[in-house]
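Shown next, in structure tokens, is the structure this report addresses.
All chains are named by letter (A, B, ...) in the order of the sequence lines, taking the proteins before the strands, and each is independently numbered beginning at 1.
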Protein chains: 2
Amino acid sequence: MPKQTFFNLPPDKRQRIINVALEEFAARPYSKASLSNIVARAGIAKGSMYQYFEDKKDLYTYLFDLAAQEKLAYIGKMIDPAADFFTAVEQTMLAGMRFNLEHPRLSQVYANAMEPLGEEILHELYIKSKSVALDFLEQMIRRGQQQGSVRLDVDTRLAACWVYSILGTALLDYILDSLGVTIKEMLADPPVARKFTEDRMRGIISEVMKLLRSGLSAKER
Amino acid sequence: MPKQTFFNLPPDKRQRIINVALEEFAARPYSKASLSNIVARAGIAKGSMYQYFEDKKDLYTYLFDLAAQEKLAYIGKMIDPAADFFTAVEQTMLAGMRFNLEHPRLSQVYANAMEPLGEEILHELYIKSKSVALDFLEQMIRRGQQQGSVRLDVDTRLAACWVYSILGTALLDYILDSLGVTIKEMLADPPVARKFTEDRMRGIISEVMKLLRSGLSAKER
DNA sequence: GTATAATGTGACTAAGCAGTCATGTGACCG
DNA sequence: CGGTCACATGACTGCTTAGTCACATTATAC
């Protein structure tokens, strides 16, 4: 937790620090991100940083929570609670993609902690955050079963892992592949992201939904 | 490329260096892995390391190629070239899981480079390695279409990304989740991996194949 | 105006790192 | 024996880092 001093700061200064820190932690993995760099670019003294935060991890955790919170709020706002399972998944995908394009730094800071083999120090964040997401998805799938839109003979936990990997990996891989860029290039160059029209996004998502709904098999089940 | 000196080394010494280095690079992300640590544990002088390898990246690249090569060979040996698409995917999954359990260090060194947001210096390895895998999977899917086992109306590249994410993320997530351990714990404690009987592995894979074949939809297509 | 508390500061510490290099060792050859 | 070559060594350089602390500045209270 940041110290009280941080919250006593004038909002514009506080925001400047947050922005610079987000940029640094988005650009480099945790252990390579440099506090010296952040304070220099934010125009404050090294010592001041330690008046605001306990240590490097404290600062990072604060930014991570911020990113997670904003992403969740963003997606939550876009999901129709009455929608059926497949519609809800589709809306989640669309909202997730939009969020990533609109808030590349936030989404990158969040993603940086989500590497299964990442820094020791972030492992707790990773574990907690993933299990929250999996629990949420599993619940959604269970509701889908109750509503009759999802088959009853699937392992709901496995299905949750599966949807999770689509949301987290497959979709991003495909988008980057079809844009012909790497994720680093895209983050470094926001205009690239704008090649991505709403139509294109919906097109890709409907393809993914097709796979999700019916799988790859040519045979009818 | 390692220098000639490295290959002139007595095999046991060479192997000891490889083993210690694999352990280090498996345990820590690239930038945190320490050459000083490696040489100390391998019982050689710092300078000697630089008689064998150009620099840290050279050493890492060598280990990465080693891991990639072994993994490919292992999986290749287990795939029946005449099998249909779904069988081939199933065999790939099984072989991949077995390899991970039997060679945790190799698979971890390989996986460490496969993080999309990892170290700048490894990005080239990541890009190349992923595109090779995606091309391979896409080819497989195209053959599946020709054989009539895969629907013709799927975007093959997207399907490749999708299978890739299942092989890389979803499966591992589910396994770890169902064992109730993290990947770090599993790597640190090989006996845990042995909770994983052949039967259990096949059970999980057949569940995944069910999803892959027919998707989540309760409706018949 | 003065006292007290809160906040700002940057030189400094201690540690770790990749990579270097002058020197040493030992094996083989003539 | 002397000479040459491949290899071994670890103290050392130069750099970067997270975190500290004695002191300076500013804001608040009376």
Side-chain angles (χ1 to χ4, degrees), chain A residues 1-18 20-25 27-64 112-113 118-122 125, chain B residues 1-18 20-25 27-64 112-113 118-122 125:
Chain A
M1 276 275 289
K3 301 182 183 174
Q4 186 53 45
T5 317
F6 181 64
F7 298 109
N8 295 342
L9 245 39
D12 58 323
K13 184 172 183 180
R14 197 167 61 226
Q15 197 55 51
R16 199 177 69 236
I17 293 172
I18 291 175
V20 171
L22 278 176
E23 233 167 84
E24 179 73 11
F25 281 109
R28 293 164 184 69
Y30 178 82
S31 64
K32 279 243 174 172
S34 158
L35 281 187
S36 310
N37 204 346
I38 293 172
V39 296
R41 288 201 295 150
I44 60 173
K46 190 83 166 277
S48 297
M49 209 65 191
Y50 286 86
Q51 304 250 32
Y52 309 148
F53 298 93
E54 296 293 339
D55 52 21
K56 188 181 179 180
K57 191 185 176 185
D58 186 35
L59 166 60
Y60 183 80
T61 307
Y62 174 71
L63 297 173
F64 175 84
N112 268 349
E119 325 266 348
E120 189 70 38
I121 206 167
L122 307 178
L125 284 181
Chain B
M1 277 277 291
K3 301 181 182 174
Q4 187 53 46
T5 318
F6 181 64
F7 297 109
N8 296 343
L9 245 40
D12 58 325
K13 185 173 184 179
R14 195 166 64 227
Q15 197 55 51
R16 198 176 69 236
I17 292 170
I18 291 175
V20 171
L22 279 176
E23 233 167 86
E24 180 72 11
F25 281 108
R28 293 165 184 70
Y30 178 82
S31 64
K32 280 246 174 171
S34 158
L35 283 187
S36 310
N37 203 345
I38 292 172
V39 297
R41 288 201 295 151
I44 61 174
K46 190 87 166 272
S48 298
M49 210 64 190
Y50 287 86
Q51 304 250 30
Y52 309 148
F53 298 93
E54 297 293 339
D55 52 22
K56 188 180 178 180
K57 191 185 174 184
D58 187 35
L59 167 61
Y60 183 79
T61 308
Y62 174 71
L63 298 173
F64 176 84
N112 268 350
E119 324 269 346
E120 190 69 37
I121 205 166
L122 306 178
L125 284 180

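Rounding to whole angstrom units, CZ of residue A/Phe7 and C1' of C/dA6 are separated by 17 Å. In this structure, CG of B/Asn37 is placed 9 Å from P of C/dA18, rounded to the nearest angstrom. Atom P of nucleotide C/dC17 and atom NZ of A/Lys32 are separated by 13 Å, given to the nearest angstrom. Between the C1' atom of C/dT20 and the CG atom of B/Leu35 lies a distance of 13 Å, rounded to the nearest Å. Rounded to whole Å, the distance from CZ on A/Arg16 to P on C/dG8 is 11 Å. Regarding A/Tyr30, its OH atom lies at a distance of 14 Å from the P atom of D/dT17, rounded to whole Å. Rounded to an integer number of Å, the gap from A/Asp58 CG to D/dA18 P is 14 Å. Between the P atom of C/dC17 and the CD atom of B/Glu24 lies a distance of 9 Å, rounded to the nearest Å.
Using the six-membered ring where Trp is involved, A/Tyr52 and A/Phe6 have ring planes that are tilted, between 30° and 60° apart. Relative orientation of the A/Tyr62 and A/Phe53 rings is tilted, given thresholds of 30° and 60° on the angle between their planes.
Taking A/Glu54 as the reference, nothing meets the side chain to side chain donor-acceptor pair (under 3.5 Å) condition, with sequence neighbours excluded.
At least one donor-acceptor pair under 3.5 Å links the side chain of A/Glu24 to the backbone N or O of A/Ser34.
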Footprint string (nucleotides 5-16 of chain D, 5' to 3'): B base within contact, S backbone only, - free, heavy atoms under 4.0 Å: --SBBB------

Could you walk me through whether A/Ile121 and A/Tyr60 pass the side-chain contact (heavy atoms from CB on, under 4.5 Å) test, one step at a time? CA-CA 10 Å; A/Ile121 206 167; A/Tyr60 183 80; over 6 Å; no

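Remark: B/Lys32 is not positioned above the aromatic ring of A/Tyr30, lacking an NZ or CZ atom under 6.0 angstrom from the ring centre and at most 45 degrees off the axis.
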